[in-house]
Amino acid sequence: MPRVHVFLHEKHGRGRQHYAISRANVNKDETMTALKLHDTMTGTKRVFEPADPSRVTMYVCGPTVYSYAHIGNMRPPVAFDVLFRLLRRTYGETAVIYARNFTDIDDRIIDASQKSGEDISVITEKFAKIYVEDTQVLGNLEPTLSPKATEHIEPMIAMTARLIEAGHAYEADGHVLFSVSSFGDYGALGKRDMDDMRAGARVEVASYKRDPGDFVLWKPSSDIEPGWDSPWGRGRPGWHLECSAMTEAHLGETIDIHGGGQDLVFPHHENEIAQSVCSHDGAPMARFWLHNGFLDMGSEKMSKSLGNVKLVHQLTKKWPGEVLRYALLTAHYRAPLEWTHSLLEQSGKSLDRLYGVLRRVTAESGAAVPEAVEAALADDLNTPKALSALFAIAGEANRAIDETERARLASDLLAGGAALGLLQSDPDDWFGLTDMPQGERDRIDALVRDRNAARKAKDFEKADAIRAELTALNILVDDGPEGSIWKTG
Ligand SMILES: [Zn+2]
C-alpha cells in the first residue's frame, strides 16, 4: 500500500529543507544534567562517569548468526544506539568505543549447518550481513567494532590457560571447565545464591563436572564439528568465553558499560564476569551493567492482524524501519513493551505529525539537542519522555507565529530527533512525495485547501463535493490538530 501524505498548511518555501550547518552548537557542558544509568550490579541508578573521558568503552552482546533476527532482538541495538549517540555527544565522536560481537561459532550454528548442508561460514556470513542490514534499516549507527568469535580463538585459549593456571578452571574429559566455587562473587550480578544457579545451570549435569554450576570454557569437537587446536586437544570455545576475550582484546580489562538483554544476566553475564575478573587479578569487568527488558509478543491482536510477523526482515516490508524504531522507543528500555499492530500504527501516525512540522517549516541541522530531550535521556535513557519533549516542540512550532521562531523550533525538533535516531529523512521522502509530479501535488494541495475553506465557511455541500472528488482520485484526508494530512488510499 503506497504511503503518500502531505500536511497542508501555509508553507514557508517549498520543497527540500536546507541541511546546511549554520547554527553553532551550544556548549552543553554547563547546562547538561549528569547522565544517570541503572546499573544491574548495584541495583541502583547512579551517575555515570567514564574511567577515561577520552576513551569511553561499551560492549554489548550481539547476535548468534544462524537465522533471521526477531524484532525482540532489535531492542538492545536500538536502546544502546541511543546511549552511544548520547555518549558521543558528551565525550566526542571518536572518544566512544562501542563493540558489539557476532557469535559465529555455536552449537545452534553447527546444527543449522548439518541440516542445510551449507558451510558454517556461509550461514554466519549471510546472517551477519542480514543482521547489519536490519539494524541499519532501524536507523542504528554502526558500532565502532564488530568482533567475531572465530577471529578470537587465540585470546580465548590464552584466557583459558590463565584461568587453569590460577586455579579457577580445570581440565576434565577433554573439556575445560570454570570452577564456580573458586570465585566468591559468583552470582553477584543477578543476586542469586549458588544453589539457585546450580538448579538453573543445565538440565543434566555432566559427570566430569566437579560442581553442577561449573561451566564450559572449552569443549572437544568431533571430526565433523568445527574445531581449533588447543593445549586440551582439538575443540571449540564455550559461548561465554568469547565476550570476555573480545572485551579484553579490544576494550581492556575494566570497561565502562556492558549491555545486553535481561535474559543474559544469568548465566551469560555471570560467567563473563567470572572469567574476566578471575583472569584479571580481580579487576571488575565493567563499571556499569545495563540490561534491557523484553518485548511482549503474546498479544492476540498482533497475531491476528499481522499473521504473527515478528521477523525484522518481514516487518520492514510492511513498515518503514523508522516506525519500528519509534515503536521500540515508546517504552523505557528496562520496561517490558507490548508489541502490537496498533503500536505500529500509532508510531507511524506520530512520525507523520513530527515530519509534518519538518515539511512545513525549514529546519537547519547543527542545532543543539533541546534541553528537555537531553534531560530525559540523561535520566537512564527515558525515551518515552524524550518523545513527549519532541511533541511539545512540534506543538510550539505549530503555534509560533514568528517565522524565525518557527524555524528555530523546527531545527530543535530535527536535533532532538537525531538524538533518538529519528526524523533524519527528507520529509518529502517520508511522505512518499519524491516521485509524485509537482503538478499533481499542487492540484491535490489546492483541492484540500478549497475543501478546508468551504468547511470553514460552513459550505458543507461544497466541502463534501470536493471530498468526493478527492476520493475519486484515491486520496484520503485526515484532519488533525496541525492541519489536514492527505494520503493515497
Ligand atoms: Zn556476551
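All ligand and atom numbering here is 1-based and tracks the order in the structure.
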Exercise. Do Phe48 and Phe288 have ring centres separated by under 6.0 Å?
Worked result: yes
For this session: State whether Glu272 contributes an N/O/S atom found under 2.8 Å from the Zn ion (ligand 1).
Result: yes
For this session: Return yes when at least one N/O/S atom of His269 is nearer than 2.8 Å to the Zn ion (ligand 1), and no when none is.
Result: no
Seminar exercise, completed: What one should report as the nearest heavy-atom pair of His269 and Gly259 is CE1-O, 3.9 Å
Exercise. Can you tell if the side chain of Phe178 reaches within under 4.5 Å of the side chain of Leu241, non-hydrogen atoms only?
Worked result: no
Exercise. Does some side-chain heavy atom of Val82 sit less than 4.5 Å from a side-chain heavy atom of Arg325?
Worked result: yes
Problem set entry | SG (Cys61) to the Zn ion (ligand 1) to SG (Cys243) angle, given to the nearest 10 degrees | 130°
